[in-house]
Amino acid sequence: MKRKLILFLFIILSNLSFSQTIKTQTIRGTIVDSESDYPLPGAAILLLTDSSTTTFGTVTDINGYFTLENIPLGRQSFMCQYIGYKDQNINNYLVVVGKEGYLDIKLEQDVTSLSEVVISSRKRGEVNNTLVSVSANTLEQDEIIRFSGSLGDVSRMAQNFAGVSGASDDRNDIIVRGNSPSNVLWRLEGLDIPSPNHYASLGATGGPISMLNANNLKSSDFLSGAFPAEYANVTGAVLDLKLRNGNSNKYEFLGQIGFNGFEFGTEGPINGIGENASFLINYRYSTLQVFDILGLDLGTGGAIPQYQDINFKVNVPTKKAGTFSFWGL
């Protein structure tokens with residue numbers, strides 16, 4: 001009887017001593033989707049010591065299982081996070097000595113309603129007009145500016161395409177496969193316009209200097225044949241030009257000197273009349289005329305070209321009434 005009593009007391013004392021040395025426990029569990037119960041791999045579960053401090057944590061495996069070791073005994077708080085799901089807190093979870101804890105966590109998807117986003121792209125060289133399949137080329141803004149011999153003139157740029165030539169170096173008339181330059185159609189922002197050139201003669205579609213500012217143009221189409229019906233009875237060529245919108249986020253300024261003139265430009269947002277509203281304006285003044293005013297003789301004698309031009313566009317998108325554009329040349 002004494003032996004049994006001594007053995008019983010020894011077991012009790014051993015258990016008490018053992019319980020005093022163990023101060024942590026392991027927590028296991030799973031994290032799944034609340035709707036489908038599908039496991040969420042890579043979900044994070046964190047042990048919180050207070051409302052703002054995180055001590056340590058772990059992430060779930062491919063099957064949604066996790067193991068947190070060395071969790072202090074007592075009531076603890078955990079936070080679970082996963083991209084695309086709402087954060088979930090588990091507060092006052094009791095961590096005990098004799099049994100590992102198990103958490104079965106179900107996260108709810110965080111659904112956010114966003115406005116429509118349209119992403120579109122266009123291959124370089126692809127024409128804007130979807131009805132055109134052959135005999136068409138694209139006029140890119142950067143090519144017009146840097147192409148050798150174009151002088152920033154869209155007409156001189158087009159003269160480099162196959163089957164196209166110019167009448168002379170001092171004019172930008174376009175001759176396509178022997179057709180008359182007077183049969184070339186100019187279209188700007190969907191409207192047919194006369195020759196956009198300084199010193200243009202009656203009935204001609206070319207001139208010595210273009211009024212179109214390449215810094216205002218965006219990707220445009222040059223058609224040398226197989227014209228769609230929208231261009232009516234054109235027999236020469238079509239230059240279907242588009243103006244770009246100004247920067248709707250910040251104000252920008254431009255100043256440069258070139259063969260076409262002294263140029264000054266600005267663009268930027270228009271505040272107070274709608275989201276993404278913008279303006280764009282460029283002004284040019286004859287370079288040779290400026291030099292003549294300054295008394296510099298460049299050998300042109302009395303043949304001083306006197307001209308100036310201005311290009312502008314105002315773009316005002318609205319939520320319900322569409323987009324309003326005002327442009328001028």
Cluster overlap Val184 with Leu212, hydrophobic side-chain contacts below 4.5 Å = yes
Parallel, tilted or perpendicular, as decided by the 30° and 60° cut-offs, for the rings of Tyr82 and Tyr85 | tilted
Going through the checks in order, is the side-chain contact (heavy atoms from CB on, under 4.5 Å) test met by Asn245 and Lys218?
-> CA-CA 9 Å; Asn245 297 327; Lys218 69 176 182 180; 5.8 Å; no
Would you check if the side chain of Thr60 reaches a backbone N or O of Ala43 as a donor-acceptor pair within less than 3.5 Å?
-> yes
Side-chain heavy-atom pair Ile281, Thr266 within 4.5 angstrom cut-off | yes
Just wondering, are more than 12 heavy atoms of other shown residues or ligands nearer than 6.0 Å to CD1 in Ile62?
-> no
Would you confirm whether Thr205, through its side chain, and Pro181, through its main-chain N or O, come within 3.5 Å as a donor-acceptor pair?
-> yes
Which atom names give the shortest non-hydrogen contact between Glu263 and Leu254, and what distance separates them?
-> OE2-CD2, 3.3 Å
Should Tyr102 and Ile31 be counted in the same cluster of Ile, Leu, Val, Met, Phe, Trp and Tyr side chains packed under 4.5 Å apart?
-> no
If you group Ile, Leu, Val, Met, Phe, Trp and Tyr by side-chain heavy-atom gaps below 4.5 Å, do Tyr65 and Val59 land in one group?
-> no
Value rounded to 0.5 Å, distance of CG in Leu46 from CG in Asn89 = 10.0 Å
Ser77 side chain to Leu48 main-chain N or O, any donor-acceptor pair under 3.5 Å?
-> no
Determine whether the side chains of Asn311 and Asn216 contain a donor N or O and an acceptor N or O closer than 3.5 Å.
-> no
Are Leu103 and Val97 joined in one hydrophobic group, where the rule is that I, L, V, M, F, W and Y side chains link up if heavy atoms are under 4.5 Å apart?
-> yes
Where Gln159 and Asp173 come nearest, the two heavy atoms and their spacing | NE2-O, 3.0 Å
Taking it one step at a time, do Thr58 and Thr67 satisfy side-chain contact (heavy atoms from CB on, under 4.5 Å)?
-> CA-CA 7 Å; Thr58 188; Thr67 301; over 6 Å; no
Less than 4.5 Å apart, any side-chain heavy atom of Phe324 and any of Ile273?
-> no
Can you check whether Leu107's main-chain N or O pairs, donor with acceptor, with Ser34's side chain at less than 3.5 Å?
-> yes
CD on Glu108 to CD on Glu35, rounded to 0.5 Å | 7.5 Å
Does a sphere of radius 6.0 Å around CD1 in Ile83 hold more than 12 heavy atoms from other residues, nucleotides or ligands, not counting ones at 6.0 Å or beyond?
-> no
Contact summary for Val176 and Phe222, nearest pair of heavy atoms | CG2-CZ, 4.3 Å
Are there more than 12 heavy atoms of other residues, nucleotides or ligands under 6.0 Å from atom OH of Tyr38?
-> no
Atom pair CG (Asp292) and CD1 (Ile304), whose distance is rounded to the nearest 0.5 Å = 4.5 Å
State whether the side chain of Arg244 and the backbone N or O of Leu280 hold a donor-acceptor pair below 3.5 Å, judged by distance alone.
-> no
Trace of the side-chain contact (heavy atoms from CB on, under 4.5 Å) decision for Phe56 with Ile71 = CA-CA 10 Å; Phe56 64 92; Ile71 303 300; 3.7 Å; yes
Does the side chain of Leu188 come within less than 4.5 Å of Pro196's, by heavy atoms?
-> no
For Asp192, check salt bridge (Lys or Arg N to Asp or Glu O under 4.0 Å) against everything at least two apart and list the hits.
-> Arg187
Out of curiosity, Ile270 CD1 to Asn276 CG, how far, rounded to the nearest 0.5 Å?
-> 11.5 Å
Would you name the heavy atoms of Asn247 and Glu267 that are closest together and state the gap between them?
-> N-OE1, 2.8 Å
Would you check if the side chain of Thr26 reaches a backbone N or O of Glu100 as a donor-acceptor pair within less than 3.5 Å?
-> no
Shortest non-hydrogen pair, Ser195 vs Ala200, comes out as OG-CB, 3.6 Å
Leu243 vs Leu217 side-chain heavy atoms within contact, under 4.5 Å = yes
Side-chain (Tyr251) to main-chain (Pro269) donor-acceptor, under 3.5 angstrom = yes
Side-chain contact, heavy-atom cut-off 4.5 Å: Asp37 with Lys106?
-> yes
Going through the distances and angles, do Phe78 and Leu68 end up as a side-chain contact (heavy atoms from CB on, under 4.5 Å)?
-> CA-CA 11 Å; Phe78 302 90; Leu68 277 172; 3.8 Å; yes
Pairs involving residues 169-204, ordered by first then second residue, that meet ring pair (Phe, Tyr, Trp, His ring centres under 6.0 Å) (sequence neighbours left out) = His198-Tyr307
Hey, mind stepping through Asp221 and Lys242 against salt bridge (charged side-chain N to carboxylate O under 4.0 Å, His left out) and telling me if it holds?
-> CA-CA 9 Å; Asp221 295 340; Lys242 306 293 182 182; over 6 Å; no
If Ile, Leu, Val, Met, Phe, Trp and Tyr residues are connected whenever their side-chain heavy atoms lie under 4.5 Å apart, and connections chain through other members, are Tyr283 and Val314 in the same group?
-> yes
Going by atom types alone, do Thr235 and Asn183 pair a side-chain donor with an acceptor below 3.5 Å?
-> yes
Is any side-chain heavy atom of Phe279 less than 4.5 Å from a side-chain heavy atom of Phe326?
-> no
If you round to the nearest 0.5 Å, how far is CG of Asn70 from CD of Gln25?
-> 10.0 Å
Check for a donor-acceptor pair, side chain of Asp309 on one end and backbone N or O of Leu329 on the other, with a separation under 3.5 Å.
-> no
Polar side-chain atom of Gln76 near backbone of Pro72 as donor-acceptor pair, under 3.5 Å = yes
What are the two closest heavy atoms between Pro228 and Leu223, and how far apart are they?
-> CD-CD2, 3.7 Å
Return yes if some donor-acceptor pair links the side-chain N/O of Asn172 with the main-chain N/O of Gly207 below 3.5 Å, else return no.
-> yes
Supply the atom-to-atom distance Asp170 CG to Ile209 CD1, rounded to the nearest 0.5 angstrom.
-> 10.5 Å
